[in-house]
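Notes follow the structure.
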2 protein chains.
Amino acid sequence: MAERKIGERNNEPEFLAAYDATEFDRPSVAVDVAIVTVMDGHLEVALVERAEHPAKGSWALPGGFVQMDESLDRAANRLLAEKAGLTDVYLEQLYTFGEPTRDPRTRVLSVAYYALVDHAQLDTGAESSLSFGRIDVPWEGETGGPVDARSQQGQEMPLAFDHADILGMAVKRIRGKLDYTPIGFQLLAATFTLRSLQDAHETILGRTLNKDSFRRRMLATGLLEATGERESEVGHRPAELYRFTKRSAI
Amino acid sequence: MAERKIGERNNEPEFLAAYDATEFDRPSVAVDVAIVTVMDGHLEVALVERAEHPAKGSWALPGGFVQMDESLDRAANRLLAEKAGLTDVYLEQLYTFGEPTRDPRTRVLSVAYYALVDHAQLDTGAESSLSFGRIDVPWEGETGGPVDARSQQGQEMPLAFDHADILGMAVKRIRGKLDYTPIGFQLLAATFTLRSLQDAHETILGRTLNKDSFRRRMLATGLLEATGERESEVGHRPAELYRFTKRSAI
DNA sequence: ACAACATATATGCCTATCGAATCTAAGTCA
DNA sequence: TGACTTAGATTCGATAGGCATATATGTTGT
């Protein structure tokens with residue numbers, strides 16, 4: 001991360017044209033949301049392309065400033081609705097990023113959230129302002145470090161500010177939470193097969209899981225129940241469809 | 001929590017005398033630290049008595065406002081040093097509390113941290129501005145809810161603002177982290193017996209642990225090594241003293 | 001010196017759980 | 001009809017945790 005002292009203005013012409021930043025005695029507070037989903041065996045995150053400086057042309061997590069009369073959770077939910085048209089999704093506060101130089105304009109704290117959504121709920125059409133980047137997890141380990149994104153064509157999508165750090169922490173949190181809470185179904189439709197749930201877990205963890213152990217463990221939690229229905233049109237024996245019971249809302 | 005709209009001033013005389021609060025378009029940002037330690041089989045937290053309104057006479061976590069040129073981590077470390085004389089202790093960001101009405105004066109975000117310290121490091125003398133409250137965990141469960149504090153004499157120490165919520169989340173986080181990382185030794189001196197480490201774990205978790213399993217599990221991590229020394233003056237067979245290896249710094 | 005006592009440390013056994021292999025069930029497709 | 005694919009059940013061995021017990025090593029009292 002570039003070193004820059006607070007109060008030291010960026011005097012490039014583009015900056016001065018785009019912003020009339022003023023120093024305050026309080027930081028601005030933004031909420032940024034990592035909207036994460038699973039698609040075809042990889043993690044994806046929703047991104048917006050920055051049209052203005054700073055970091056013009058690079059990609060950023062959708063976010064905005066907290067209004068003075070709304071809570072942080074409410075701001076995150078509002079931004080989810082405004083930027084992605086999403087309501088009633090799994091949303092959790094992640095961490096607050098507060099390096100004084102993380103935004104070159106003025107001091108901006110970012111209260112980061114992450115959301116887990118079913119890929120089918122996402123508007124991936126061209127009319128949406130959101131793009132989706134494949135999350136590029138470098139080492140198959142703890143992933144405490146920054147995480148980059150790539151387009152479907154494999155091009156790098158450079159992330160603005162410290163958003164690669166936010167994304168890295170989001171992946172780490174989701175992985176950790178998967179070990180002791182069944183949050184995987186937040187990424188799936190209302191009914192799903194055990195295999196698709198395992199696929200989601202494997203994608204998040206970045207490693208394969210034992211099929212039988214996974215099945216036993218999931219059924220032992222008592223959090224999911226068989227619907228009696230089966231998937232159809234699959235070219236082989238169809239699997240039973242399950243749903244999550246009510247109290248699965250963590 | 002009392003409902004109060006932002007911008008609606010508290011017009012009680014005491015408030016007006018104590019504060020000349022002004023509304024801004026940005027929230028103030030405070031850092032509050034739950035300094036947690038283990039003492040005689042219970043958890044303790046460092047508290048300061050509020051001398052002024054709001055919440056005059058009740059107890060609060062040590063905290064203060066973030067300066068414009070310091071990071072959040074740095075602010076937390078500074079406050080630890082200023083308020084408790086502590087440096088080089090385990091410190092981790094916990095959560096950011098942002099209900100608009102959490103402070104009756106004006107909007108204040110609290111970026112909460114928790115610190116784990118050896119009780120022997122703490123200045124519990126009368127000259128210190130810090131008092132210590134026993135953490136009163138109501139139900140032996142997940143402890144997601146608010147947690148109160150009591151004095152050594154058993155008197156309630158009512159917590160100001162939403163600090164009971166902060167403390168509850170701190171206990172929950174510490175318990176969760178204990179399951180997969182050996183943070184317990186942050187509460188102990190440089191060398192310690194396995195029994196004292198188990199005592200610390202049991203105190204944090206609020207339940208007893210199997211001695212042999214605990215011993216096997218701890219030794220299997222490879223994170224601690226025998227010193228060859230033994231405790232002394234204990235009135236029974238002295239236990240071997242252990243220390244943590246370098247990389248134990250999580 | 002010696003016994004009584006308290007706790008540390010080691011060992012063996014039982015059981016629950018996980019991973020792997022194998023087998024059967026139930027669909028599609030040529 | 002038979003090959004193929006994946007679902008789901010069963011079995012078995014390895015492993016780790018819980019529990020009981022035995023032994024080691026110190027202090028304290030007489």
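A, B, ... follow the sequence lines: proteins, then strands. Residue 1 opens every chain. All of these numbers come straight from a predicted model, not from anything done at the bench.
Residues satisfying the salt bridge (Lys or Arg N to Asp or Glu O under 4.0 Å) criterion with A:Asp136, sequence neighbours excluded, are A:Arg150.
Residues B:Arg175 and B:Val137 have side chains in contact (heavy-atom distance under 4.5 Å, counting atoms from C-beta outward).
Remark: P of C:dG27 and CD of A:Glu231 are 11 Å apart, rounded to the nearest angstrom. C:dT9 atom P lies 12 Å from atom CD of B:Gln198, rounded to whole Å. Distance B:Leu219 CG to D:dG17 C1': 15 Å, rounded to the nearest Å. Going from atom CG of A:Leu197 over to atom P of D:dG8 covers 12 Å, rounded to whole Å. The separation between A:Glu229 atom CD and C:dA26 atom P is 17 Å, rounded to whole Å. Summarising the geometry, the separation between NE2 on A:His236 and P on D:dA3 is reported as 20 Å, rounded to the nearest angstrom. When the P atom of C:dG27 is taken as reference, atom CD of A:Glu240 falls 12 Å away, rounded to whole Å. Between the C1' atom of C:dA8 and the CE atom of B:Met218 lies a distance of 18 Å, rounded to the nearest Å.
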Identify each atom pair where a protein N or O and an N or O of nucleotides 21-23 of chain C are less than 3.5 Å apart, giving names and distance.
{"residue": "C:dA21", "atom": "N6", "partner": "A:Asp212", "partner atom": "OD2", "Å": "3.4"}

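Checking D:dG8, D:dG18, C:dA8 against every side-chain atom of B:Arg237, the shortest atom distance belongs to C:dA8.
With DNA chain C read from its 5' end, the first of the two nearest nucleotides for B:Arg230 and B:Arg216 is the one closest to B:Arg230. Ranked by how close their nearest DNA chain C nucleotide is to the 5' end, A:Arg217 and B:Tyr242 are led by B:Tyr242.
Residues B:Leu188 and B:Ala200 share a closest heavy-atom pair of CD2-CB, 4.4 Å.
Residue B:Asn210 has a polar side-chain atom (N or O) positioned under 4.0 Å from OP1 or OP2 of D:dC19. Between A:Arg215 and D:dG8 there is a side-chain N or O to OP1 or OP2 distance below 4.0 Å.
Side chain of A:His163 to main chain of A:Leu61: a donor-acceptor pair is present (N/O by atom type, distance under 3.5 Å, no hydrogens or angles). Remark: the backbone N or O of B:Gly98 is not paired with any side-chain donor or acceptor of A:Ser71 at under 3.5 angstrom.
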Intermediate values then yes/no, side-chain contact (heavy atoms from CB on, under 4.5 Å), A:Ile35 and A:Val45: CA-CA 5 Å; A:Ile35 304 172; A:Val45 62; 5.6 Å; no
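Between the side chains of B:Thr96 and A:Thr96, at least one donor N or O sits under 3.5 Å from an acceptor N or O.
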